[in-house]
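Before any comments, here is the structure.
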Amino acid sequence: MSPRKISVLGSTGSIGVSTLDVVRSHSDRFQIVAMSGGSNLSLLEEQVRLFRPDRVAVISEELARELSQRIGRDLDVTILHGVEGMIACATHPDVETVVSAIVGAAGLVPTMAAIEAGKSIALANKETLVVAGSLVMEAARRNDVSIYPVDSEHSAIEQSLCGHRKNDIRRLLLTASGGPFRTFDADRLKRVTPEQALAHPNWEMGAKITIDSATMMNKGLEVIEARWLFDLPQDQIEVVIHPESIVHSMVEYVDGSIIAQMGVPDMRTPIAYALSSPERLSLDLPPLDLCQLGKLTFEAPDPERFPCLGLAYRALQLGGTAPAVLNAANEIAVASFLEGGIPFVGIPQLVRAVLERHQVGRLEHVDDALKADLWARSAAREMLNDFCFEESQ
Ligand code: NAD
Ligand code: MG
């Protein structure tokens with residue numbers, strides 16, 4: 001069997017690095033044909049030398065020149081840049097599967113290009129489905145493309161759905177760790193720093209998703225992702241806090257049975273499953289020792305202290321361009337929090353304010369989503385200047 005040809009968008013990120021790790025440990029099964037990174041050139045150069053892709057893309061022309069100089073004549077690789085470069089990596093004629101692991105709404109256009117080119121998608125970039133879920137799923141249907149979830153919760157749900165009928169589903173139960181501030185009261189939440197927020201208890205991830213986990217916006221984005229991936233209404237998608245991150249998510253059926261998928265928290269498991277399902281690849285991970293673990297705990301999310309989850313449900317209910325606006329406002333709010341511009345509790349406040357100001361439009365083309373995204377970014381930046389984040393939550 002010839003190796004499956006893969007393109008990794010966002011190869012230098014947390015998911016990108018884990019994907020390449022899976023590929024390297026199964027090099028007879030996979031071959032990297034294209035990859036794209038952002039601005040971490042030393043890591044990207046190392047990856048290019050190791051995996052020898054045919055194409056590689058970086059964000060800017062300047063970075064492409066620098067990468068060319070670093071690689072020199074050592075390798076036969078085409079170095080591209082910008083959105084066009086990302087699209088060229090996503091649509092390389094030899095590629096069979098695209099791992100979509102860019103962070104944020106920037107992942108949408110290359111992922112859509114991959115779908116239109118008929119590539120299978122291993123989807124980590126949940127923002128693609130948040131921003132334009134209906135259009136993405138419609139494009140996948142039209143092009144007969146399968147979307148395999150990389151997000152651990154959605155991978156767990158996919159595995160728990162195997163062999164069951166959709167009509168028999170009562171609810172999807174997405175688990176959430178609750179993040180580092182699960183036990184903080186409202187007063188303590190006002191004073192948390194970016195350093196504290198970046199220290200996730202169970203998962204090592206990129207900065208943006210780590211902050212999203214701390215605010216629980218990540219779970220909100222995942223509810224929207226689940227709505228589109230599994231084509232179920234939002235009232236059949238619920239969130240339960242599970243601090244140990246061992247049960248990755250569950251499906252409840254009409255007879256009361258709940259099927260869950262468990263494992264140690266390591267993204268290589270859902271990545272490998274997205275690349276090879278229904279076959280399972282052996283991975284060098286420590287076994288899950290349930291006896292040592294002793295117990296697993298669950299609790300309800302608190303909408304007062306973590307309003308982002310409710311905001312995501314609200315955006316989903318509003319429909320159309322609202323989720324794209326939620327996502328873009330959140331990207332601006334998270335970046336500002338990381339730069340010390342707004343407090344942690346300012347993130348949901350800014351997102352809510354932008355969502356309230358938005359006149360929801362229809363989502364008929366990707367351009368509608370991109371326009372809403374741009375509008376929300378500029379509205380959020382404007383509000384950052386004169387928004388009072390002090391006491392009220
Ligand atoms: P990360 O920040 O570690 O990596 C992001 C990658 O995207 C990097 O390669 C970066 O160079 C590239 N990138 C950033 N901005 C870009 C732009 N404008 N254009 C092109 N490339 C750009 O992020 P991550 O944690 O790997 O997350 C990637 C995606 O996967 C996110 O959508 C996240 O929500 C999702 N995800 C991550 C995890 C995890 O464990 N890290 C789990 C589930 C889902
Ligand atoms: Mg997840």
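Read the numbers this way: they start at 1 and go in the same order the structure lists the ligands and their atoms. Because the structure is predicted, anything quoted here is derived from the model rather than measured.
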Answer yes or no: does an N/O atom from [X] fall short of 3.5 Å to an N/O atom of ligand 1?
X	result
Gly206	yes
Ser152	no
Ser36	no

Where is the nearest protein heavy atom to [atom]: which residue, which atom, and how far?
atom	answer
atom 36 (N) of ligand 1	Ile209 CD1, 3.6 Å
atom 34 (O) of ligand 1	Lys126 CE, 3.2 Å
atom 6 (C) of ligand 1	Ala101 O, 3.6 Å
atom 32 (O) of ligand 1	Glu127 OE1, 2.6 Å
atom 4 (O) of ligand 1	Gly13 CA, 3.1 Å
atom 3 (O) of ligand 1	Ser14 N, 2.9 Å
atom 11 (O) of ligand 1	Gly38 N, 2.7 Å

Lys/Arg-Asp/Glu bridge criterion (N-O < 4.0 Å) met for [X], [Y]:
X	Y	result
Arg377	Glu331	yes
Asp74	Arg49	yes
Asp367	Lys371	no
Asp94	Lys5	no
Glu279	Arg29	yes
Glu222	Arg227	no
Lys295	Glu244	no
Asp21	Arg24	yes

Report the member of [options] with the shortest heavy-atom distance to [atom].
atom	options	answer
atom 29 (C) of ligand 1	Thr210, Leu129, Thr19, Ile102	Ile102
atom 37 (C) of ligand 1	Ile15, Asp151, Leu43	Ile15
atom 5 (C) of ligand 1	Val103, Leu221, Leu123	Val103
atom 9 (O) of ligand 1	Thr12, Val130, Val8, Val58	Thr12
atom 40 (O) of ligand 1	His81, Met205, Glu153	Met205
atom 35 (C) of ligand 1	Gly16, Ser39, Ala124, Gly104	Ala124

**Q.** Contact check, Asn40 vs ligand 1, heavy-atom distance below 4.0 Å
**A.**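 No.
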(Q) Check for me whether Met267 has a heavy atom closer than 4.0 Å to any atom of ligand 1. (A)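 It does, in that a heavy atom of Met267 comes within the 4.0 Å cut-off of ligand 1.
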Q: Would you kindly specify which portion of Ile59 sits under 4.0 Å from ligand 1, judged on non-hydrogen atoms: side chain, backbone, both or neither?
A: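 Ile59 to ligand 1: side-chain contact only, backbone stays beyond 4.0 Å.
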Q | Within reach of ligand 1, part of Lys208 (heavy-atom separation under 4.0 Å) | A |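 Lys208 to ligand 1: no contact under 4.0 Å from either part.
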Q: For the atoms OE2 of Glu222 and OD1 of Asp151, give the angle they form at the Mg ion (ligand 2), rounded to 10 degrees.
A: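 Approximately 90° at the metal, rounded to tens of degrees.
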Can you list the atoms of ligand 1 that are under 4.0 Å from a heavy atom of [X]?
X	answer
Gly37	11 (O)
Met86	20 (C)
Ala106	17 (C), 18 (N)

Cut-off 3.5 Å, side chains only: do [X] and [Y] have a donor facing an acceptor?
X	Y	result
Asp373	Asn327	no
Ser378	Glu382	no
Thr12	Asn40	no

Q. Only one of His164, Arg165, Lys166 forms a side chain to side chain donor-acceptor pair (under 3.5 Å) with Asp168, so which one is it?
A.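 The side chain to side chain donor-acceptor pair (under 3.5 Å) with Asp168 is passed solely by Arg165 among His164, Arg165, Lys166.
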Q) Residues two or more places apart in sequence or in another chain: which of them pass side chain to side chain donor-acceptor pair (under 3.5 Å) with Arg73? A)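 Once residues adjacent in sequence are excluded, Arg73 has no partner under the side chain to side chain donor-acceptor pair (under 3.5 Å) criterion.
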**Q.** Closest contact, heavy atoms only, Leu173 versus Ile258
**A.**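 Leu173 and Ile258 have their closest heavy atoms at CD1-CD1, 4.1 Å.
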Q. Any idea which N/O/S atom from Glu153 gets closest to the Mg ion (ligand 2)?
A.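 Restricting Glu153 to its N, O and S atoms, the minimum distance to the Mg ion (ligand 2) goes to OE1.
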Q. Quick one: are the ring centres of Phe181 and Phe344 less than 6.0 Å apart?
A.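 Ring centres of Phe344 and Phe181 closer than 6.0 Å.
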